[in-house]
Amino acid sequence: MPEQAPESTYDRIYAVVRKIPRGKVSTYGRVAEIAGLGRAARQVGYAMAALPDHTTVPWHRVVNAQGRISLRRGTGGDLEQHFRLEAEGVVFDVSGRISLERFGWSGPRRKRGTSGGD
DNA sequence: GCAATGACGCTCT
DNA sequence: CAGAGCGCCATTG
C-alpha cells in the first residue's frame, strides 16, 4: 500500500502519527524528529489542533515529553484522549502521567527488526 | 514580507 | 520530582 506523498508539513506529521502502533504513545518532539521537522515540536501540536473530529489519525497517541496530555481544559479533548488511551491498553500514573519507558514509541527502530515489531 | 501565535522541549533552580 | 524560563519552527493574519 503505497503511502501518499505528503504535500505539506502537516501531512508529514499525520503520516508519522499514523505509524504509531496501537497501545503505545509518542511525544511531539519525537514525531517532529521522525517527520523531519527536527525540534519543531510545537508545529506537531499545532497540526493536531488543525485535525478535524472525523480524522482517522490517532492523535490521542501523541502526548508531550512528560507523558502528559497537553490539551487545554475546556475543550474536553484532554478527557477524550485520556479515555481513548486507556481503551488501547495504556495505563496512566496516579498523577495522570504515562510511563514512556513502557508505552513510549521511539519510531522505526533499526534494532530488533525483522520481527516486524508492531 | 513582517509580526504574532501555539495540543512543545530542554535546562536550570 | 516539580516548577519556571528561554528557545525552537511552521502556519496564519
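Model, not experiment: these values are computed from the prediction.
- Listed by first and then second residue, the salt bridge (Lys or Arg N to Asp or Glu O under 4.0 Å) pairs that reach into residues 37-46 of chain A come to none, sequence neighbours excluded.
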Quiz item: Is there a side chain to side chain contact (heavy atoms under 4.5 Å, CB included) between A:Y46 and A:T9 once you walk through the steps?
Solution: CA-CA 11 Å; A:Y46 202 80; A:T9 309; over 6 Å; no
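- When the side-chain contact (heavy atoms from CB on, under 4.5 Å) test is applied to A:A50, the partners found at least two apart in sequence or on another chain are A:Y10, A:Y14.
- For A:N64 and C:dA2, the CG to P distance is 13 Å, given to the nearest whole Å.
- When the side-chain contact (heavy atoms from CB on, under 4.5 Å) test is applied to A:V17, the partners found at least two apart in sequence or on another chain are A:I13, A:I20, A:V31, A:M48, A:V57, A:P58, A:V62.
- Nearest heavy atom pair, residue A:G67 against residue A:L100, reads N-CD1, 3.8 Å.
- Residue pairs satisfying the side chain to side chain donor-acceptor pair (under 3.5 Å) criterion with at least one member in residues 47-59 of chain A, sequence neighbours excluded, are listed as follows: A:R18-A:T56.
- The two residues A:G23 and A:F103 have their closest heavy-atom pair at O-CD2, 3.5 Å.
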Review item, side-chain donor-acceptor pairs of residues 90-98 of chain A, under 3.5 Å, at least two apart:
{"residue": "A:D93", "atom": "OD1", "partner": "A:S95", "partner atom": "N", "Å": "2.7"}

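- Across residues 84-99 of chain A, not one residue has a non-hydrogen atom less than 4.0 Å from an atom of DNA chain B.
- Within the structure, the salt bridge (Lys or Arg N to Asp or Glu O under 4.0 Å) test picks out the following pairs touching residues 79-90 of chain A (sequence neighbours left out): A:R61-A:E88, A:E80-A:R84.
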Quiz item: Reading nucleotides 7-13 of chain C from the 5' end, what letters show protein touch, with B for base, S for backbone sugar-phosphate only, - for no heavy atom under 4.0 Å?
Solution: BBBBS--
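- The nearest whole Å value for the distance from the CD1 atom in A:I34 to the P atom in B:dG9 is 13 Å.
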Can you name the atoms? Protein N/O to nucleotides 10-13 of chain B N/O, anything below 3.5 Å, with the distance.
none

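- Atom CE of A:M48 is separated from atom P of B:dA7 by 12 Å (rounded to the nearest Å).
- Annotation: side chain to side chain donor-acceptor pair (under 3.5 Å) contacts of A:T27 (sequence neighbours excluded): none.
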